[in-house]
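See structure below.
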Amino acid sequence: MTVMEQRGVYRPTPPPAWQLRTDPAPLLPDAEPYRVLGTEAAGKADEELLGRLYAQLVRGRRYNTQATALTKQGRLAVYPSSTGQEACEVAAALVLQDRDWLFPSYRDTLAAVARGLDPVQALTLLRGDWHTGYDPREHRIAPLCTPLATQLPHAVGLAHAARLKGDDVVALAMVGDGGTSEGDFHEALNFAAVWRAPVVFLVQNNGFAISVPLDKQTAAPSLAHKAVGYGMPGRLVDGNDAAAVHEVLSEAVSRAREGGGPTLVEAVTYRMEAHTNADDATRYRGDAEVEAWRDHDPILLLERELTERGLLDEDRTRAVRYDAEAMAADLRERMNRDPDLDPMDLFGHVYAEQTSQLREQAAQLRAELEASAEEGAEGAGGADGEESGR
Ligand SMILES: Cc1ncc(C[n+]2csc(CCOP(=O)(O)OP(=O)(O)O)c2C)c(N)n1
C-alpha cells in the first residue's frame, strides 16, 4: 500500500466508461453555405430589412471605390478594399444593438461606417494621421486591428467581463480566413466556449490571405468545422447573400445574448480587389476566377430579388445611388483637406513612461522640426525681401 493510500488521500477507482462530453452533431455546419436570396426562404424575409440592406450595400460599394480612388490620389496611404464583401460588412453592423461591441480587422472599415462611424474617422488610421481616429468607447467599435486575430481574445475578454458584471452586451469579432491560423484564434475560441462568453466570431473567407489561397491555409473540411473542436456551433453561410448573412448572424447574436454562448460563422465570399492598393493580385490569381464571382455579386443578388418581388423601381434605385454619391462627395472633399498634425504625437499614447531610445528619438525629431521651422521662417522672409525689392 502506498503512503497516499494509507492516508486515504488516493483511492483508486475503476476507470469510467469513456463517452463523448458533447454530441458533436448539433454543432456541425451545413454541408453547403446557407442561402436566402433566390430560394424559398426569401419569401419569409422582411421587406423593410431587404430594402435597408440594399441601400447599405450600394453605399458600401461606393465607399469602397471612393477610398480606393483616394489611395491613387495620394490622399490615403493604404486601403484594404472590401469590394465584393459588402454583404458581410453591412450585416455585421446591422445585427448589433447600440450597446454591443464590434471588433473589426483592418479590412472592416465599412462595417464600422455601416454602424454609424464617420467615414473620415474610419480612415484616419489608414491615412497614417492618428492612432485610431475615433473614440472606441463612444462608438463601441474596437480599434481596427492590423496584427492578425489579436482582436479576437480582446472581444472574448470584453464579452466575458460584461457578462460577469451583468451587462447585456454581445461582442462580434471579424477575422479573415488567414487569421484562423493564428494562435490568437485558437485561444479566443477556446476561452469563449469554456466561459460561454457572449461572442460571435465572423470569419470572412474571401479565398486568400494576401497571395495564399485557402487550400494552403488549412486542411479542415471548412473553417466553420473548426467550431466543433471548441464545443460551439459552426455555421456556414453564403457571404454574398446579405439576407442570409444577416439571418445567421442575428441568430448567433440572439443566442449569445440569451446565454447560449459563442458561435463561429464562416461566410464564403471573395475579395474582388487586390489585398490592398500595394498588392498586385494578377501575380497569384487569374481573371477568369475573378470574373466568375461577378455573377455572384452581393448587390446584384439582392437587386434581382427586390426587382422580382416588385420592391425596387427606378425612383428608389436613383434615390439610393444619390445618397451613396453624396456620401462619396463629402468623403472626397474632407479627405482632400490637409490635416493639421503635430509629428510629436508619434511619441504619445504608447508608453506611460517613455523608453530611453524613444526619448532620444523624440529629442531628435523636435530638433529637426525646430530647424525646419527656422528655415521656413528665413525662406519666407527671403521671399518677402525679393518681393519688396521688385
Ligand atoms: C500577426 C500577423 N502576421 C502577419 C501579418 C501580415 N499580414 C497582413 S494581412 C495578411 C493576410 C491576412 O489574410 P486574411 O486573414 O485572410 O484576411 P484578408 O486580408 O483576406 O481580409 C498578413 C499575413 C499581420 N498583419 N499580422
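Indexing begins at 1, ligand by ligand and atom by atom, following the structure's order.
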Is the contact between P147 and ligand 1 made by the side chain, the backbone, both, or neither, using heavy atoms and a 4.0 Å cut-off?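 P147 to ligand 1: backbone contact only, side chain stays beyond 4.0 Å.
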
Does ligand 1 have a heavy atom under 4.0 Å from the side chain of Y106, from its backbone, from both, or from neither?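 The side chain, only.
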
I'd like to check which ligand 1 atoms, numbered from 1 as shown, lie under 4.0 Å from a non-hydrogen atom of [X].
{"X": "H275", "value": "9 (S), 19 (O)"}
{"X": "G179", "value": "15 (O)"}
{"X": "N206", "value": "18 (P), 20 (O), 21 (O)"}
{"X": "G178", "value": "14 (P), 15 (O), 16 (O)"}
{"X": "T146", "value": "24 (C), 25 (N), 26 (N)"}
{"X": "F208", "value": "16 (O), 20 (O)"}

Under the side chain to side chain contact (heavy atoms under 4.5 Å, CB included) test against L202, which residue among L102, V265, V248 passes?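 Option passing the side chain to side chain contact (heavy atoms under 4.5 Å, CB included) with L202: V265.
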
Option whose closest heavy atom lies nearest to atom 2 (C) of ligand 1, chosen from N205, L148, D279, T276: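 Comparing heavy atoms across N205, L148, D279, T276, the nearest one to atom 2 (C) of ligand 1 lies in L148.
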
Of all the non-hydrogen atoms in the protein, which one sits nearest to atom 11 (C) of ligand 1, and at what distance?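 Of every protein heavy atom, I210 CG1, 3.5 Å lies nearest to atom 11 (C) of ligand 1.
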
May I ask you to identify the nearest protein heavy atom to atom 21 (O) of ligand 1, giving residue, atom name and distance to one decimal place in Å?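 In this structure, atom 21 (O) of ligand 1 has R107 NE, 2.7 Å as its nearest protein heavy atom.
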
Considering only NZ, NE, NH1 and NH2 on the basic side and carboxylate oxygens on the acidic side, decide whether E370 and R366 come within less than 4.0 Å.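 No salt bridge links E370 with R366.
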
Do the charged groups of D168 and R257 touch, with an N to O distance under 4.0 Å?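 Salt bridge flag = yes for R257 with D168.
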
Return yes if some donor-acceptor pair links the side-chain N/O of N190 with the main-chain N/O of E187 below 3.5 Å, else return no.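 Such a contact is absent between N190 side chain and E187 backbone.
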
Would you say atom 6 (C) of ligand 1 makes contact with the protein, given that contact here means a non-hydrogen protein atom less than 4.0 Å away?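 Under the 4.0 Å cut-off, atom 6 (C) of ligand 1 has no protein heavy-atom neighbours at all.
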
Heteroatom proximity flag, R271 to ligand 1, N/O under 3.5 Å: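 Not met; the criterion fails.
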
Kindly check if the number of other-residue, nucleotide or ligand heavy atoms within 6.0 Å of CG (D98) is above 12?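 Check fails, neighbour count at 12 or below.
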
For ligand 1, is there an atom lying under 4.0 Å from some heavy atom of E182?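 A heavy atom of E182 does come that close to ligand 1.
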
Aromatic ring proximity H296/Y270, centre distance under 6.0 Å: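 Not under 6.0 Å, so no.
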
Is there a side chain to side chain contact (heavy atoms under 4.5 Å, CB included) between E333 and N336 once you walk through the steps? CA-CA 5 Å; E333 198 266 314; N336 274 323; over 6 Å; no

Pick out which of R115, Q204, Q85, Q151 makes a side chain to side chain donor-acceptor pair (under 3.5 Å) with D108.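 So the option named by the test is Q204.
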
Check the orientation of F208 and Y284. Use parallel for under 30°, tilted for 30 to 60°, and perpendicular for over 60°.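 Judged by the thresholds at 30° and 60°, the geometry between F208 and Y284 is tilted.
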
